[in-house]
Each structure stands twice: as C-alpha cells, then as structure tokens.
2 protein chains.
Amino acid sequence: MRNAAETRQKLLETAIGLIWQSNYSSVGVNEICKQAGVTKGAFYHHFETKADLFIAASRHYWDRMKQDLDAIYSPSFTPLEQLENLIQLIIEKQINECSSKDMEVAGCPFFTSGGQAGIDEEKICQAAREMEDHMQRYSVALVRGLKADGVLRGDPDVDQVARFLHHFVQGLLIYGRLMNSLDAVRADLREGIYRLLDLKDAYRSEGSEQPVSSAADAA
Amino acid sequence: MRNAAETRQKLLETAIGLIWQSNYSSVGVNEICKQAGVTKGAFYHHFETKADLFIAASRHYWDRMKQDLDAIYSPSFTPLEQLENLIQLIIEKQINECSSKDMEVAGCPFFTSGGQAGIDEEKICQAAREMEDHMQRYSVALVRGLKADGVLRGDPDVDQVARFLHHFVQGLLIYGRLMNSLDAVRADLREGIYRLLDLKDAYRSEGSEQPVSSAADAA
DNA sequence: GAGATAGCATACCGTTCGGTATCTTCAAGG
DNA sequence: CCTTGAAGATACCGAACGGTATGCTATCTC
C-alpha cells in the first residue's frame, strides 16, 4: 500500500478541479493523471472507467459541499439568515474554485456536465441527478423554513419554489461563467432569489449584510 | 459547383442537430460528416476548423430562431400575449428539436456549450455570448412592453428582470434535460416566469390558454 | 522467511481525434 | 473547346484518446 487513499484522493481532487475548468468530455484521463502526478496504471487501479471516476468525484464533491451546507443551514440561524448565508456561500464557492485560474465563475460542473451528456453517457446523468436530488432537499428545507416563519407572501408550493431557486441559480452561474464575470453573478443573485421567493415587504432586505463570515471556510 | 450552398447547409443543420444531442466537445468532425453524407474533404473546404463550424452553426441557428421570435413578438400581440407565445414557443422548441430521439428536452446547446468551454476555446464562448446578446434584446423588449402596459407590480429594473427570466429558463431547461422530462419543464416554466415578473394580481393568468397556435410552426 | 496481495509503473493496444495533402470532377467563362 | 478554379472525394497524418496487459515492489499474513 503506497498510500492508496491518498492517491485516490489526489485523483478525485484533480478530476474535480479539471472538470470545473471545462467539462467531462473534454477532460482526458491522461491529463488528470499527469496533473495528479499519478500514472495511468494507478488510475485504472482505482477506477474502472473514466465515467466511474466522474461518479466518485461527484460524490466526493458533494461530501465537501454537504459540510458547507450543513453549516449554513444550522438551526442556530433563522431561515432568513440561512438564506443570506446561502447567497454568500454561492459567491464564495466561485471564488474558491476559480482561484489562480483566469476564470471568475465556474458554476456546478456536475450539473452542467450531466445536462449535456448524451444518451450514451447514462452514468454521468445519473451522478448529476443524484447531486441534484441532494441539493433539492436542502433547498426545500430552506423554503419550508421561510414559509413556516411567515416570511413569504401567499401560500406558495414549497417544492416548486425550491426548484425555481435552483433553476435560477444554475442558469445565472452558467451566464456568469460565459461572461466570465463574478460581478454579473453578484448583480443578479440576491435580487433574483428574493424575487422568486416573493418575501413580504417587511422582510425584504436591501443591503448585503453579512450575518456569518465563516460559513464557507470549510470549502 | 456541386451545389456548394446545399452542402454547407447540410453540414450546418447536421452539426446543430448533433450538438443539440450532446455538446460541442463530444461531437466529432467525422460524425458530422458521416451523418451529413459529406466527406471530410468537403467539410474542410467549407470550414477552416471545427470551431468555425460551431460559430457558423450558432449564427445559422439564430437566424431560424429570430424568425420565430419576430413572429411571437409581433406588435399585433399585447405584451401579455407575447409572453404566452414565448412560453409556448419554448415548449414547442423542445419537442421539435428532440423529435425521434429518445430525449425530451434539449435546452440551448450553444449557451451551455459556451458556458462549459475551457479557456482555450474562446471562439466558442464568443459565439455563445453573441447568441446570448441577441436573446437578451428580445427578452428586454418583452419586459419593457409589459412594464409599459402597467402589468408589472412596483418599478422593476427592466434589464435585470429580463436577465432573471433568461437565467431561470436556461436553468430550467438544463434541469429538464437532465431529468429527461418535458413535463418537468412544463410544470415550472410558466409559474416561474410569472413569479419573476411579479405581475399585478389582475393579470395573473392561471390556465394555459393558447392565444396563438401557429407561432412556432416556422421552426 | 515464504507466499500472497494491494499499489502502482511501463509499455502498448486499437481507435478516434482534428486536420491536411492530393487528386478527380464538374460547371462556368472565354 | 479548352482553360480554370471551385467542389468534393480519398487517403493519410501525427497526436491523443480511453483502456489493457504485464510486471515490479512494498507491505501484510502466516
């Protein structure tokens, strides 16, 4: 055992990094191995196929993401604070994942890769759907909390509004990536989310207060 | 001249079709040529590189799209009717573009391909941004019309709301594609758009009336 | 200490990639 | 009719692709 866990970890992290920069189909096994400082033999010792690496990488990425989400969704925050934490986390995620590369926004590569996968790449779609499902649970919990607090106007369908938020954020992130402008994301993220949530007038916040500053440090 | 225009047209159409099915990087030149019934020599006679084909294809696609958009945005419709036409067009586009393939939703491949392109593929990003810019104009015009008609609540930033719509729709389409469910799109498209627009109560329509049924026939 | 086995490296497989060089064919202009 | 040049066909290029076969080596078990 020349430290198998570490090798596997390195492959996963490298794969995630490279996929963030472009997408599944244009990232080669050789490239991943080279950047990870691992030979191809080692690669195929740990993963049966490139697609299997992708699946493992998406799970691995979710594990990290879950920690961040659990932190910002802590019951010690009010739903409104959780919302602000989330907005802040999304922004910080982009900064963290894009550090030292000449891109400002990354979006979620697992979501987009899955959304562009062909029919023949069912495994990739599956992994993306899995990630999707996880995210959705958290989103629903947030909206449910907001509704329970009486913050939302009307009597919205909690699951649907949660999906709305997700669709909007994903679309915005892709847009931001295309424009290569984090400011473009910042300009629309909060406002769009609040508009979709349709908060009661009393709860519409304007500024960008920072209720918690260490929410995304674990990234 | 063995009908060069037709060959070029065939290559463009085929490329569009294949890219809709997956994405730029995973569609090969050979595949395009084979399906178009054109040899690679002919391909590289018409296009310098694969990226140039992509650009030309995106322009070609926009030309078709523009016709549809001009039709549904005709001044003979009220802004509210235009909105309904747009919603309907989005749905019908998916059906048309996915016909006979085992996928129900396609999304916009030029947008997503651009959003996933690496740094080295600046041409692809450029083409996507170009498409983006065109779409935005139409979206802004729609929102402006709605606002001018006094349909919207408050005093929203027209450009921003137009962006919101676009982000939401793109995100929703990718989601729908991932889930391979047009019903998932149908379930959220209208409701989400209306929520983002924040119509005055009097103008919130519930059903799915069809103000014009021939809007998207030109597709 | 003698297997047994996990961890990994090297070399290489067949295929496909985007792209090119060269040739033929055919239609138009003189 | 004959030249000319665009349109297209064929063959091919080197590189990279995903993946495999095999062998070495370090570590664990007994």
Side-chain angles (χ1 to χ4, degrees), chain A residues 1-16 18-19 21-58 60 113 116-127, chain B residues 1-16 18-19 21-58 109 113 116-127:
Chain A
M1 303 173 186
R2 258 78 51 91
N3 208 345
E6 190 179 323
T7 300
R8 186 186 161 89
Q9 178 91 359
K10 198 87 177 65
L11 280 171
L12 288 175
E13 299 282 355
T14 307
I16 291 174
L18 285 176
I19 291 175
Q21 289 183 49
S22 53
N23 61 75
Y24 172 71
S25 57
S26 64
V27 171
V29 174
N30 289 304
E31 193 182 352
I32 296 173
C33 292
K34 190 176 174 183
Q35 184 152 328
V38 166
T39 60
K40 205 146 71 165
F43 180 99
Y44 279 99
H45 175 77
H46 286 279
F47 305 99
E48 283 194 5
T49 66
K50 179 186 163 190
D52 288 322
L53 166 71
F54 181 85
I55 295 173
S58 80
H60 184 72
S113 288
Q116 282 201 300
I119 330 279
D120 52 328
E121 305 172 305
E122 185 54 34
K123 280 185 178 179
I124 273 67
C125 292
Q126 200 60 44
Chain B
M1 303 168 188
R2 256 81 46 92
N3 209 345
E6 189 179 325
T7 300
R8 185 185 161 91
Q9 177 91 0
K10 198 86 176 67
L11 281 170
L12 288 174
E13 300 282 355
T14 306
I16 291 174
L18 286 175
I19 290 175
Q21 289 183 48
S22 53
N23 61 74
Y24 172 72
S25 57
S26 65
V27 171
V29 174
N30 288 305
E31 195 181 352
I32 296 174
C33 292
K34 190 176 174 184
Q35 184 152 327
V38 166
T39 60
K40 203 143 73 162
F43 179 99
Y44 280 100
H45 175 76
H46 287 279
F47 303 101
E48 284 194 4
T49 68
K50 181 186 162 190
D52 288 322
L53 167 70
F54 181 86
I55 295 173
S58 80
S113 289
Q116 281 200 301
I119 330 278
D120 51 328
E121 304 172 305
E122 184 54 35
K123 279 186 179 178
I124 274 65
C125 292
Q126 200 60 43

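Per chain, numbering begins at 1; letters A, B, ... match sequence-line order.
In this entry the distance linking CZ of Phe54(B) with C1' of dG19(C) reads 19 Å, nearest Å. Atom NE2 of His46(B) and atom P of dG8(D) are 4 Å apart (whole Å). Atom CD1 of Ile32(A) is separated from atom P of dA16(D) by 16 Å (rounded to the nearest Å). Look at CZ on Phe47(A): it is 12 Å from P on dG7(C), rounded to the nearest Å. A straight line from CZ of Phe43(B) to P of dA7(D) spans 15 Å, rounded to a whole angstrom. Atom pair Lys50(B):NZ and dT20(C):C1' shows a separation of 17 Å (rounding to whole Å applied). Ile124(A) has its CD1 atom 12 Å from the P atom of dG18(D), to the nearest Å. Regarding Glu6(A), its CD atom lies at a distance of 16 Å from the C1' atom of dT27(D), rounded to whole Å.
The residue Gly28(B) sits close only to the backbone: its heavy atoms come under 4.0 Å of sugar-phosphate atoms, none of a base.
Look at Thr49(B) and you won't find any side-chain N or O under 4.0 angstrom from OP1 or OP2 of dG18(C). Contact between the side-chain N/O atoms of Thr7(A) and the OP1/OP2 oxygens of dC8(C) is found at a separation under 4.0 Å. Between His45(B) and dA7(D) there is a side-chain polar atom (N or O) within less than 4.0 angstrom of OP1 or OP2. Dashed line: the shortest gap from a side-chain N or O of Tyr44(A) to OP1 or OP2 of dT20(D) is not under 4.0 Å. Contact annotation: Asn30(B) side-chain N/O to dC17(C) OP1/OP2 distance is under 4.0 Å.
Residue pairs meeting the salt bridge (Lys or Arg N to Asp or Glu O under 4.0 Å) criterion with at least one member in residues 40-51 of chain B: none, sequence neighbours excluded.
In this structure, OG in Ser113(B) is found 6.0 Å from CD1 in Ile19(B), a value given to the nearest 0.5 Å.
Applying the salt bridge (Lys or Arg N to Asp or Glu O under 4.0 Å) criterion to Glu122(A), with sequence neighbours excluded, gives Arg129(A).
For Lys40(B) and dG18(C), a side-chain-to-base donor-acceptor distance below 3.5 Å is present, hydrogens and geometry of angles not being considered.
Comparing Gly41(A) and Tyr24(A) along DNA chain D, the residue whose closest nucleotide (by nearest heavy atom) sits nearer the 5' end is Tyr24(A).
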Leu12(B) vs Phe47(B), side-chain contact (heavy atoms from CB on, under 4.5 Å): CA-CA, chis, key distance, verdict: CA-CA 10 Å; Leu12(B) 288 174; Phe47(B) 303 101; 3.9 Å; yes
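Nearest heavy-atom pair across Thr49(A) and Tyr44(A) is CA-CE2, 4.1 Å.
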